[in-house]
Structures are given as C-alpha cells and as structure tokens.
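Presented below is the structure to which this report refers.
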Amino acid sequence: MRKNNIIIAACLLVAVLAVTGCWAITKGHSEADPTPNQYANTLTSPPLPQSLTFAGEEVPLDVYWVREALDRELVINCYQHSKTLRILKLSSRVFPTVEKILKEEGVPDDFKYLCVAESGLENVTSPANAGGYWQFIPSTAKVYGLEVGTDVDERCHLEKATRAACKYLKKMKNQFGSWTMAAAGYNRGDGGLQAAVDDQKVHNYWDLWLNSETSRYVYRILSFKLIFENPQAYGVAICPAQMYPPIETKTVKVTTSIASLPRFAEEHHVTYRELRNLNPWIRNNKLTVASGKSYEIELPTHPKSHYRDLLKSCDNPYLNLGANE
C-alpha cells in the first residue's frame with residue numbers, strides 16, 4: 001500500500017510539473033513580451049529579396065533551386081546566433097583591410113563575404129589542413145607567394161593572404177569567365193570545376209550539378225552578404241560600441257633572426273601576448289630570418305589598448321555592416 005501511495009504521489013508531481021512547465025512556456029511566448037531578436041524567440045523564415053547580385057552579376061532568384069538553396073543558407077546563418085554574431089563583430093576589425101586590398105587588386109568588394117564563408121574571419125585550420133583567413137592549403141599558398149614553415153605561416157597574415165586570394169580569384173575569373181564561377185572555383189579547385197564544365201557543357205554556376213559543398217558555397221556567401229547589408233531585416237541588433245574595433249599599430253622591420261620573441265616584445269614595451277595577437281602569422285616563440293629576407297612585425301601604438309573611449313550608449317542598435325561607402 002505504501003509503495004502504491006508513493007507511485008501515485010510521484011505521478012501527481014509529474015503532472016503538476018508538466019502543467020506548470022506548459023504554462024511557463026506559453027507565458028514566455030506571450031505576444032505582449034518583448035522580442036528584441038525575432039529569430040531567437042520564434043521560428044520566422046528569413047526574407048528573400050526580389051533581386052540580388054554577386055560581384056555585379058545577376059542571381060537568378062526566379063529559378064526554384066536557386067531560391068531554395070539561398071533560403072537554406074539564410075535559415076542556417078540567421079539561427080546559428082553565436083557564430084554569426086561573432087563574425088559580425090569581427091568584421092569591423094577585418095573588413096577595412098580586406099576591402100582596401102580587394103579594391104587595389106581589382107576584385108569586387110563582394111568577395112569579402114567569401115572570406116567570411118571560408119573562415120568566419122578568423123585564423124582557423126580545416127581537417128584538410130587549409131589554414132588562415134582565406135583557407136589556403138600549404139601547396140597552393142606557396143604557389144601564390146605565401147611562406148608556410150615552422151616559424152612563419154603567411155596564410156595567417158591578413159594583408160598577404162588577401163593579396164594571394166585576389167591573384168587566385170582573378171586567375172579563376174580569366175579561366176571560367178565570371179566572378180560567380182571564380183568563387184565556385186575557389187572552393188572546388190580549377191581542375192574539379194573544369195571537369196564539371198567539360199562533362200556537362202554548362203558554363204554558369206547556377207545550372208551546374210556539383211559536389212554538395214560547392215553546390216552550397218556561393219549561396220553561403222550570398223547569405224552573409226544579405227545579413228551584413230541589411231542586418232535589421234534579419235533580426236540583428238548591434239551598435240558600433242559592440243563591434244571589435246581595429247587596433248592602431250606601428251610596424252617594426254626585422255632583418256635579423258630573433259632568438260626570443262618574448263624578450264623582443266619586452267624591449268619594445270609591449271606584452272608577448274599583444275605581439276602574437278597582432279601577428280598571427282608568427283608560429284613560434286622565435287623568428288628565423290634568412291639572409292637577404294625581412295619581416296614586418298606589427299606592434300600596438302598604444303599598448304594594452306582599452307575600450308574606454310568606445311563605451312557609449314547604443315541609441316540606434318542597428319548598423320549597416322556591409323556597405324562599403
């Protein structure tokens with residue numbers, strides 16, 4: 001009898017908790033409650049534009065598989081909040097350099113979103129050993145003039161890697177005839193993309209049947225373009241004070257080997273951490289400089305820079321993150 005009473009009591013408790021939980025969930029989603037980010041609280045389908053271009057080339061959104069593929073990537077990037085927010089915040093530090101180099105090299109500004117799709121604007125290494133902001137594998141990096149070694153990995157040098165990526169993209173553009181195909185070739189490789197073109201007799205990205213990754217690749221780039229250029233439409237609320245600002249630096253040219261970079265940093269009145277943060281291409285605590293070679297090391301103009309001057313109120317939390325005026 002006692003055992004039965006215990007079972008009955010437990011069942012009643014579960015029932016009470018279930019009712020209370022349902023009430024709490026319903027209450028939590030009341031229409032009267034504020035929802036600063038609609039995508040965090042409701043399953044809302046991100047809006048698709050009526051028209052869209054990539055690098056000045058029209059995206060055929062009237063084709064069903066094109067529209068649905070773009071919708072897929074928008075849904076993913078609008079709902080992976082932590083990753084997308086970090087990319088948005090990093091963009092204010094990384095984009096100024098990337099935009100400047102793209103312009104100098106004659107590559108359309110939209111390709112900064114390819115960098116976003118490749119690395120999330122961070123120096124990461126893929127399972128295939130592709131590394132850096134633009135995700136070069138070591139062999140390709142060396143072909144395009146980047147040093148990859150024990151002490152130095154220039155795939156992680158934003159300026160040098162961006163110029164190498166521009167050279168690669170322009171080569172793809174010349175080979176395949178459009179910037180959209182150049183973007184696809186960046187992901188698939190010129191050999192793989194050329195084989196698909198030759199086999200299918202199709203010369204545009206939108207109609208090609210490709211491997212899963214490349215089939216999604218340009219749409220992923222486009223989804224970031226849409227979010228960056230109209231963040232409010234996609235539920236993003238970030239004000240300038242919440243972005244990661246560029247760090248003001250000075251350049252020290254090095255022509256001889258450095259046995260200890262921590263001591264080098266100390267001599268220049270900065271921390272070793274600051275030195276490594278600003279020079280992610282340095283991969284060791286020493287730097288070997290071959291005869292006739294030199295490196296430029298970035299050091300902070302104001303060591304241990306603070307956010308103090310940036311701590312302002314966010315009167316307008318919405319920021320156009322993608323426009324390159």
Side-chain angles (χ1 to χ4, degrees), residues 35 37-85 87-88 91 102 107-121 135 169 172-173 176-189 192-197 199-238 318-324:
T35 53
N37 184 340
Q38 59 180 318
Y39 298 103
N41 299 296
T42 60
L43 284 175
T44 303
S45 184
L48 287 169
Q50 292 300 311
S51 63
L52 180 63
T53 62
F54 174 72
E57 299 169 2
E58 194 71 29
V59 179
L61 290 177
D62 55 332
V63 177
Y64 78 86
W65 62 80
V66 173
R67 196 167 188 84
E68 291 173 13
L70 177 58
D71 183 66
R72 175 185 185 177
E73 301 308 322
L74 267 175
V75 168
I76 291 170
N77 289 316
C78 281
Y79 281 98
Q80 58 173 9
H81 302 314
S82 58
K83 183 176 180 180
T84 300
L85 276 174
I87 292 170
L88 291 167
S91 68
L102 290 174
V107 174
D109 188 70
D110 278 352
F111 277 95
K112 65 190 177 190
Y113 303 117
L114 184 147
C115 187
V116 172
E118 283 288 339
S119 66
L121 303 182
Q135 290 291 281
L169 288 165
M172 293 289 182
K173 169 65 160 54
F176 295 107
S178 75
W179 285 115
T180 306
M181 285 289 281
Y186 193 94
N187 176 259
R188 186 72 178 90
L193 189 61
Q194 188 64 60
V197 169
D199 181 51
Q200 299 172 43
K201 309 303 179 187
V202 172
H203 296 274
N204 74 83
Y205 172 77
W206 316 110
D207 292 340
L208 274 172
W209 178 265
L210 298 166
N211 59 303
S212 176
E213 183 182 347
T214 310
S215 291
R216 294 178 59 183
Y217 187 69
V218 175
Y219 298 105
R220 187 177 304 125
I221 296 169
L222 289 170
S223 72
F224 283 114
K225 174 180 177 175
L226 288 170
I227 294 169
F228 269 79
E229 294 186 353
N230 193 3
Q232 185 170 0
Y234 297 98
V236 177
I238 304 180
Y318 295 106
L319 176 69
N320 187 332
L321 300 163
N324 183 18

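Treat the numbers as computed from the prediction; the structure is a model and nothing was measured.
When every heavy atom of L210 is checked against every heavy atom of S215, the shortest pair comes out as O-OG, 3.0 Å. Across all non-hydrogen atoms, the minimal contact from W206 to L222 is CH2-CD1, 4.0 Å. Here the closest non-hydrogen pair linking D109 and L102 is O-CD1, 3.8 Å. In plain terms, the two heavy atoms of V218 and A184 that are nearest each other are CG2-N, 4.2 Å. In terms of heavy atoms, P47 sits closest to Y234 at O-OH, 2.8 Å. Shown here for I238 and L85, the closest heavy-atom pair between the two residues is CD1-CD2, 3.7 Å.
Here OH of Y113 is found 9.0 Å from CG of L226. Values are rounded to the nearest 0.5 Å. A distance of 12.0 Å separates NZ of K225 from CG of N230, quoted to the nearest 0.5 Å. To the nearest 0.5 angstrom, F228 atom CZ is 8.5 Å from T84 atom OG1. Residue L121 holds its CG atom at 10.5 Å from NZ of K112, rounded to the nearest 0.5 Å. A distance of 5.0 Å separates CG in L43 from OH in Y79, rounded to the nearest 0.5 Å. Residue E118 holds its CD atom at 5.5 Å from OH of Y186, rounded to the nearest 0.5 Å.
For the pair E229 and D110, the minimum side-chain heavy-atom distance is below 4.5 Å. In this structure, the side chains of I227 and C78 come closer than 4.5 Å at one or more pairs of heavy atoms.
Y205 pairs by the ring-ring contact (aromatic ring centres under 6.0 Å, His included) definition with Y219, not counting sequence neighbours. S178 meets the side-chain contact (heavy atoms from CB on, under 4.5 Å) test with E57, T180, M181; sequence neighbours excluded. Contacts of Q200 classified as side-chain hydrogen bond (donor to acceptor under 3.5 Å, both in side chains), with partners at least two apart in sequence or in another chain: none. Shown here are the ring-ring contact (aromatic ring centres under 6.0 Å, His included) partners of F224, two or more places apart in sequence or in another chain: there are none. By the side-chain hydrogen bond (donor to acceptor under 3.5 Å, both in side chains) test, S223 pairs with N77, sequence neighbours left out. E58 pairs by the side-chain hydrogen bond (donor to acceptor under 3.5 Å, both in side chains) definition with nothing, not counting sequence neighbours. Residues passing the side-chain hydrogen bond (donor to acceptor under 3.5 Å, both in side chains) test with T214, sequence neighbours excluded: N187, N211. Residues passing the ring-ring contact (aromatic ring centres under 6.0 Å, His included) test with Y217: none are found, sequence neighbours excluded.
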Could you list the donor-acceptor pairs under 3.5 angstrom formed by side chains in residues 67-75, with sequence neighbours left out?
unit_1 : atom_1 : unit_2 : atom_2 : d
E73    : OE1    : R216   : NH2    : 3.3
E73    : OE2    : R216   : NE     : 2.7
E73    : OE2    : R216   : NH2    : 3.2

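Taking the six-membered ring for Trp and the full ring otherwise, F54 and F111 have centroids separated by under 6.0 Å.
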